[in-house]
Amino acid sequence: MTTSLADDSSPVRVRFAPSPTGMFHVGSARSSLFNWAFAKQRGGAFVLRIEDTDASRNRPEWTEGIVSAMAWLGMDASGYEGPLLQSGNTVKHADAAQQLLAKGHAYYCSCTREEIIARTGDQHRGYDGHCRDLGLGPGPGRALRFRTPDEGATVVSDVIRGEVRFDNAAIDDFPVMRADGSVLFLLANVVDDIDMAISHVVRGEEHLPNTPKQQMMWQALDHEPPVWAHLPLLVNEKRQKLSKRRDKVALEDYKAEGYLAEAMRNYLMLLGWAPSGDREILPWPTLIEEFRLDEVNLSPAFFDVKKLRAINGSYIRELAVEEFIARSEPWLTAPVAPWRPEAFSVQAYAQLAPLVQTRVAVMSEITANVDFLFLDEPDFDEASWAKTMTGGAAGVAAGIIDATLHSLGTVAWDADSIRACVEQAGAEFGLKLGKAQAPVRVAVTGRTTGLPLFESLQVLGRDAAISRLEAARARI
RNA sequence: GGCCCCGUCGUCUAGCGGCCCAGGACGCCGCCCUCUCAAGGCGGUAGCGCGAGUUCAAAUCUCGUCGGGGCUACCA
């Protein structure tokens, strides 16, 4: 938008400043990725700062969660400064508060919330400036408030949104330091950004209403405000901001489901920004190179898992088979895999892996595709069994299985020969392969759908195939 | 309530006054391929919220309107 702000030559130092709340949110992930792409593409620096000022809801291990989630997405600790803890900077926070006081930009206030509401008669009116000119000193129950101008306007120059104007009269004197001397987020955030020499503050749009206040403080502290960039929100299907409470937002959950980091990263980059031309799936270095902060969209983006799935499937299919096999490991072993660990065979899996690869959109789906190979008994799907083995289908199913069994014992054990057996069995009942294979498939794999049957049988082995067909035949 | 932001297919987006009776992708539907299911190929469905204005010309500019959202703590 405002090209002077997006000037390619200005030095870049960005920060990602999450508060450690226990899980890494997809919105945070997107925000960190945008910051990262912008910094790397401009040859700038990226700082990770943990906003742990609210001691009541902080745990040290949450920080580790943020670091590892970022690493998973490809933002390795070697590529950024930090993590720095906001709580480690409290001396400077307090110092800044005193500076504001000394310069007349802040004053002590003894009002309680109740008193303010009682005076204004309106919960929504905000602070009425009661203590503004009382010249109060520090003391119990006295917080420090920033004195905002009564007239004029504060204009926030945002790379994405252009100039956003806020009338100063509408901005109440806001607290910057609690009565206990601890500094509030709004100020601490500014002090840290100044301290870290942050050049661009790239964050979610929910912070836009706070920005004029922060900009006032930058200036009151004798610093040029940074370049602001407020990213559009990530929303749910009801177009509300993604929230921990009602939406599935934990990056960890998606990882556990088998979303590939590179797919998640690519998808997230597409929320609010798009590469030029009709391209969507691009390697990370290309995304970084082509990303432009000032091209970021204005409107909120729906976090669409369907599209994420599609992109993930595409990434899975792009994997070299060996790579796919290697990456399948977590879904083939405990605690995910339902079979006895000894029953698993990498060789057997490797033979079918190429067939699995085109059939899964998320890695967790691998398990159900090959479980028949390693389970002692197939995991029968009731609907599948009912459809192919009971009622009117029972007679044919029994016949097909009998006929297949008849020739399967002596046939050469390869997919083509096995196929011929089933084809022949079907012919005896006037059935095409499509119909004839169904009871065999269910008997052996437990389901009507799955990997190509004959390759599956070949890998399963003759003995297991025969005993499963016999067991199923007995159950019909 | 106040302040602020946003508004192109269902969704993510391309579009920066003529190249657009709007392009791509996901989804959905159909066809082909096919041992099931996928993958793949081909085709289709569907959109500029509305109203004024500016202009020879508007999805693109302006205003209004309607709709959606965010913020509104001695939380971050």
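Within every chain, numbering begins at 1; the chains are lettered A, B, ... in the order of the sequence lines, protein sequences first and strands thereafter. FYI, side chains are in, hydrogens and waters are out, and symmetry mates aren't considered; it's all heavy atoms of this structure.
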On a whole-Å scale, what distance lies between the [atom1] atoms belonging to [N] and [M]?
{"N": "B:A58", "M": "B:A52", "atom1": "C1'", "value": "14 Å"}
{"N": "B:C32", "M": "B:A46", "atom1": "C1'", "value": "24 Å"}
{"N": "B:C12", "M": "B:C48", "atom1": "P", "value": "16 Å"}
{"N": "B:U60", "M": "B:A14", "atom1": "P", "value": "16 Å"}
{"N": "B:C66", "M": "B:C50", "atom1": "C1'", "value": "7 Å"}
{"N": "B:C31", "M": "B:C9", "atom1": "P", "value": "29 Å"}
{"N": "B:C6", "M": "B:C63", "atom1": "P", "value": "12 Å"}
{"N": "B:C29", "M": "B:U45", "atom1": "P", "value": "15 Å"}

Rounded to the Å, how far apart are [X] [atom1] and [N] [atom2]?
{"X": "A:Q240", "N": "B:C5", "atom1": "CD", "atom2": "C1'", "value": "16 Å"}
{"X": "A:E205", "N": "B:G7", "atom1": "CD", "atom2": "P", "value": "10 Å"}
{"X": "A:N210", "N": "B:C5", "atom1": "CG", "atom2": "C1'", "value": "14 Å"}
{"X": "A:K213", "N": "B:C74", "atom1": "NZ", "atom2": "P", "value": "10 Å"}
{"X": "A:H230", "N": "B:C71", "atom1": "NE2", "atom2": "P", "value": "13 Å"}
{"X": "A:L298", "N": "B:G70", "atom1": "CG", "atom2": "P", "value": "17 Å"}
{"X": "A:I117", "N": "B:G1", "atom1": "CD1", "atom2": "C1'", "value": "14 Å"}
{"X": "A:L233", "N": "B:G69", "atom1": "CG", "atom2": "C1'", "value": "8 Å"}

With both distances kept under 3.5 Å, what pairs with [N], Watson-Crick or G-U wobble?
{"N": "B:C31", "value": "B:G41"}
{"N": "B:C61", "value": "B:G53"}
{"N": "B:A25", "value": "B:U11"}
{"N": "B:G67", "value": "B:C6"}
{"N": "B:G1", "value": "B:U72"}
{"N": "B:C20", "value": "none"}
{"N": "B:A46", "value": "none"}
{"N": "B:U36", "value": "none"}

Can you tell me how far apart CG (A:D158) and CG (A:L208) are? Round to the nearest 0.5 Å.
6.5 Å
Within residues 164-173 of chain A, residues whose heavy atoms come under 4.0 Å of RNA chain B:
A:V164, A:R165, A:F166
Who are the side chain to side chain donor-acceptor pair (under 3.5 Å) partners of [X], not counting sequence neighbours?
{"X": "A:E455", "answer": "none"}
{"X": "A:K213", "answer": "none"}
{"X": "A:E290", "answer": "A:R279"}
{"X": "A:R419", "answer": "none"}

Base contacts versus sugar-phosphate-only contacts with protein, heavy atoms under 4.0 Å: please encode nucleotides 12-31 of chain B as B, S and - from 5' to 3'.
BSS--------SBBSS----
So if I define the base as every atom that isn't primed, P, OP1 or OP2, how would nucleotides 32-46 of chain B read as a B/S/- string at a heavy-atom cutoff under 4.0 Å?
---BBBBSS------
Does A:F291 have its ring centroid less than 6.0 Å away from the ring centroid of A:W273?
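So the answer is yes for these two rings.
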A:F303-A:Y267 aromatic ring centre distance below 6.0 Å
yes
Can you list everything that forms a salt bridge (Lys or Arg N to Asp or Glu O under 4.0 Å) with A:E323? Sequence neighbours excluded, please.
A:R327
With sequence neighbours excluded, residues passing salt bridge (Lys or Arg N to Asp or Glu O under 4.0 Å) with A:E289
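Scan of A:E289 (salt bridge (Lys or Arg N to Asp or Glu O under 4.0 Å), adjacent residues dropped) gives none.
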Can you name the residues that form a side-chain contact (heavy atoms from CB on, under 4.5 Å) with [X], not counting sequence neighbours?
{"X": "A:S28", "value": "A:F16, A:F24, A:H25"}
{"X": "A:D95", "value": "A:Q99"}
{"X": "A:A118", "value": "none"}

State, yes or no, whether a side-chain contact exists between A:I116 and A:T112 at a heavy-atom distance under 4.5 Å.
no
Base, sugar-phosphate, or nothing: which does A:C421 touch, judged by heavy atoms less than 4.0 Å apart?
nothing
Under 4.0 Å, heavy atoms only, any strand: does A:Q86 hit a base, just the sugar-phosphate, or nothing?
sugar-phosphate
For A:R119 against A:Y127, the heavy-atom pair lying closest together:
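A:R119 and A:Y127 have their closest heavy atoms at NH2-CE1, 4.3 Å.
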